[in-house]
There are 2 protein chains.
Amino acid sequence: MRKLTIKEVAQEAGVSTATISRVLNNNGYVNEDVKKRVLQVIDELNYKPNAIARSLKQEKSRSIGIVLPDMTNPYFMRMARSIQSRCVAEGYHLLFVDTEESARKEEEAIHFLTEKRIESLILAGTGENLELIRSVSRSVHVVLVDRRLPALKLDTVAEDNAQASKTAIEALIANGHARIGVVKGPESISTACERLEGVLQGLAEAGRTLEPELAFGGDYSRESGIGAARHFMEMAEPPTAVFSLNNEMTFGLYLGLQQLGIPLDRLEVVSFGDLEFSSLFRHRLSVITQDPQLVGEEVADLVVKKLGMNGGAVQNRIILPGWSPYRKDTN
Amino acid sequence: MRKLTIKEVAQEAGVSTATISRVLNNNGYVNEDVKKRVLQVIDELNYKPNAIARSLKQEKSRSIGIVLPDMTNPYFMRMARSIQSRCVAEGYHLLFVDTEESARKEEEAIHFLTEKRIESLILAGTGENLELIRSVSRSVHVVLVDRRLPALKLDTVAEDNAQASKTAIEALIANGHARIGVVKGPESISTACERLEGVLQGLAEAGRTLEPELAFGGDYSRESGIGAARHFMEMAEPPTAVFSLNNEMTFGLYLGLQQLGIPLDRLEVVSFGDLEFSSLFRHRLSVITQDPQLVGEEVADLVVKKLGMNGGAVQNRIILPGWSPYRKDTN
DNA sequence: TTGTAAGCGTTATCAT
DNA sequence: ATGATAACGCTTACAA
């Protein structure tokens, strides 16, 4: 079924296309009666303006790209939902791409979005594609979210990872743990680095260091959490506490313990990032809580503002994570 | 920074825009040397073709709309990821909208997507907007997913909800439960109806009926699961088993028990739809497992095929859910 | 093998 | 207050 165009509506209503356009966009002068008739014809014919043609003419896509590493992760999707709701209210729409932590997919995504002429790019990146991102940032407004790219001087909304991690380590030390395992993340991702930095600081201030065997190199995936469980629990002297640098790995850690037949409360655990189930079950699990909705609101705010003002100084917004220790009286 | 157009590239390369276009699209004849030079110029200038203009000219948006009720729900997002991956491979991209179960947002979304000239609409609907959807389906290929719209004769990929529910009830009956509570979903959503239907069948075949007080009217939200816990546990004679018709409500059910200070294994529970944590903790919880990835693949398959063939008979694909009973030896 | 030019469906400028 | 018409950036007959 061929789509109607403005021309046919004009013909049917007995006016010019210009008038239809004016009615559609509510601008310019147009007689009330004419307007009424035009609206009626539009309704009768069930005409829908072609947003593609409009975008081309106006040289405005009214679209915003958002590139995320994992769209099955509720953290990112809560963030995305809060961004989407604000952007839609402002007349923009989001083009989502899930990179599944792949630098190649990220690169493809950015090219694709550039061709779609996005007016703004929201990126929680893999840490790669630095040159590409720099180059893109010259023609479209880029906001980094969650993960920084310190090499790049771009608007950023992120959490204070180091501080929160330091607090977590201090708590574990205060609870008397001599051997604390750490499940690290990929070195290319800023949050992983900052979280590790916080760990090292916390240990240093207690006059300690991070023994290499107590630092497991994970990659933010569930599988690497399972690997960490195996690594730690097969040691001659396993740690008594573990700090997992993201929630997926925490989940994996517990899965790993279960596979090994080890009670889940054998370890005291701190997780950077909440798990859906943690409100239900707390096996000596404390959580650094994040606020994806707030992060999303800040991002949307930044985007909408910059889109309106057309530029401005680089902004850096920092969200403070929360701390939710397990309660010893429940499980 | 003004964006480059094909004209400037043509000028720089000393050829016509047509030639550039031919190089870009790899069609028509073009001299190897010329091609090489053009590609070099494109690279040097960092030219990116304008996808909006291309879409307008070709009268093809190469975009597919997908309307989901909850983009923070891993079930839908796993499905979405699997659809996206296939569609991107075929040169299409997805326009996501999250309706948050709101019929009004669904309506807005469909209008918006129509204006964007999507070539296909994938919809897990609220059950409302029937006329709108019928009307849209006359100009764009619609695939319903997860939730049917029996009034509409559209391609559908859904699960066999009734059968799976019946099996679940039979299992509970076999386990000796005399009083089985059911947490229902909204009547406007087909899955909720079909699941309830299965329950009634299962009971009927055992010569039983569903007592009104044992049927709690939920709305697929976590909150309504909490409400169900309260409702059931405050009864003079609470049920000994509960069948929750979706996963969010199951989660809420447990949260409710916890709030009431009732041990989570007081009830035997069956959940339609898995919970992230169920691989870790099983408090007498059996699960009807779904396969969002498979559902997504079927959807993508249908979409890609119909897009290629331009029509064809209405298809109905049914996915069989799995059954994962709790193991009595573990928790 | 390459170039010319029409046109995709709008909006916006300029007349009237 | 309304209408002609020239773009927007690309693709594609058709011509050369």
Side-chain angles (χ1 to χ4, degrees), chain A residues 1-39 41-42 45-63 91 112 114-119 139, chain B residues 1-39 41-42 45-63 91 111-112 114-119 139-140:
Chain A
M1 172 184 154
R2 257 290 278 52
K3 268 286 174 192
L4 248 43
T5 75
I6 206 174
K7 256 186 190 158
E8 301 157 86
V9 178
Q11 194 139 41
E12 183 72 19
V15 294
S16 76
T17 61
T19 300
I20 307 290
S21 175
R22 285 193 272 261
V23 171
L24 245 29
N25 299 286
N26 247 335
N27 61 14
Y29 299 91
V30 41
N31 183 292
E32 269 308 315
D33 291 341
V34 174
K35 185 176 192 168
K36 215 165 282 174
R37 195 172 72 254
V38 167
L39 284 174
V41 171
I42 286 177
L45 300 185
N46 195 22
Y47 163 76
K48 298 279 176 230
N50 182 327
I52 298 175
R54 172 182 293 169
S55 280
L56 179 61
K57 174 62 194 175
Q58 299 190 326
E59 303 182 63
K60 275 193 157 74
S61 65
R62 301 205 71 85
S63 69
F112 165 74
T114 318
E115 301 195 349
K116 281 285 172 183
R117 296 295 188 266
I118 50 169
E119 299 179 27
S139 58
Chain B
M1 174 183 151
R2 258 289 277 53
K3 268 285 173 192
L4 249 42
T5 75
I6 206 175
K7 256 187 190 158
E8 302 158 86
V9 178
Q11 194 140 39
E12 184 71 20
V15 294
S16 76
T17 61
T19 300
I20 306 291
S21 176
R22 288 189 193 105
V23 171
L24 245 27
N25 300 287
N26 248 336
N27 62 14
Y29 299 91
V30 43
N31 182 292
E32 270 308 317
D33 291 341
V34 174
K35 185 176 193 169
K36 215 165 283 174
R37 197 171 70 253
V38 167
L39 284 173
V41 170
I42 286 177
L45 300 185
N46 193 24
Y47 165 75
K48 298 280 175 231
N50 182 328
I52 298 175
R54 172 181 295 165
S55 279
L56 180 61
K57 171 65 195 177
Q58 297 190 329
E59 304 182 61
K60 276 194 157 77
S61 65
R62 302 205 70 84
S63 69
H111 281 125
F112 166 74
T114 317
E115 301 195 350
K116 281 286 172 183
R117 295 296 188 265
I118 50 169
E119 299 180 27
S139 59
V140 343

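Since this is a predicted model, take the numbers as computed values, not measurements.
Closest contact between the side chain of B:Ser16 and the listed nucleotides C:dT11, D:dA4, C:dT4 involves C:dT4.
Listed by residue number, the members of residues 49-57 of chain A with any heavy atom below 4.0 angstrom from DNA chain D are A:Leu56, A:Lys57.
An OP1 or OP2 oxygen of C:dG9 is reached within less than 4.0 angstrom by no side-chain nitrogen or oxygen of A:Tyr47. Dashed line: the shortest gap from a side-chain N or O of B:Thr17 to OP1 or OP2 of C:dT4 is not under 4.0 Å. For B:Thr5 and D:dG9, the shortest distance from a side-chain N or O to OP1 or OP2 is not below 4.0 Å.
With sequence neighbours excluded, the residues that form a side chain to side chain contact (heavy atoms under 4.5 Å, CB included) with A:Asp33 are A:Asn31.
If you run side-chain hydrogen bond (donor to acceptor under 3.5 Å, both in side chains) between A:Thr5 and each of A:Lys7, A:Lys3, A:Glu8, only A:Glu8 comes through.
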Result block: side-chain N/O donor-acceptor pairs under 3.5 angstrom for residues 49-56 of chain B, not counting sequence neighbours:
{"from": "B:Asn50", "atom 1": "OD1", "to": "B:Ile52", "atom 2": "N", "distance (Å)": "2.7"}
{"from": "B:Asn50", "atom 1": "OD1", "to": "B:Ala53", "atom 2": "N", "distance (Å)": "3.1"}
{"from": "B:Ser55", "atom 1": "OG", "to": "B:Ala51", "atom 2": "O", "distance (Å)": "3.2"}
{"from": "B:Ser55", "atom 1": "OG", "to": "B:Lys60", "atom 2": "O", "distance (Å)": "3.1"}

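Rounded to whole Å, the distance from CD1 on B:Ile42 to C1' on D:dG9 is 14 Å. Taking atom CG of residue B:Leu24 and atom P of nucleotide C:dT2, one finds them 15 Å apart after rounding to whole Å. Rounded to a whole Å, the CZ atom of B:Arg62 is 21 Å from the P atom of C:dC8. Look at CG on B:Asn26: it is 15 Å from C1' on D:dT11, rounded to the nearest Å. Taking atom OH of residue A:Tyr29 and atom P of nucleotide C:dC14, one finds them 16 Å apart after rounding to whole Å. For A:Glu8 and C:dG9, the CD to C1' distance is 10 Å, given to the nearest whole Å. C:dT2 atom C1' lies 14 Å from atom CG of B:Asp33, rounded to whole Å. As a whole-Å value, the separation of B:Asn27 CG from D:dC10 P is 15 Å.
For the pair A:Gln58 and A:Glu32, nearest-nucleotide mapping onto DNA chain D gives the more 5' position to A:Glu32. Comparing B:Lys35 and B:Arg117 against DNA chain C, the residue whose closest nucleotide sits nearer the 5' end is B:Lys35. Projected onto DNA chain D by closest heavy-atom contact, A:Val15 and B:Ile6 fall at different nucleotides, the more 5' of which corresponds to A:Val15. Positionally, the nearest nucleotide of DNA chain C for B:Val34 lies more toward the 5' end than for the other of B:Val34 and A:Ala18.
Inter-residue side-chain proximity for A:Lys35 and A:Arg22 is flagged as unmet; no heavy-atom pair is nearer than 4.5 Å. Contact of the A:Leu24 side chain with the A:Ile42 side chain is registered, since non-hydrogen atoms from C-beta on lie closer than 4.5 Å.
Considering NZ of A:Lys48 and OG of B:Ser139, their distance stands at 10.0 Å, rounded to 0.5 Å.
A:Thr17 places no side-chain N or O within 3.5 Å of a backbone atom of A:Ile6 that could act as its donor or acceptor partner.
Within the nucleic acid shown, B:Ser21 comes within 4.0 Å of at least one base atom, counting heavy atoms only.
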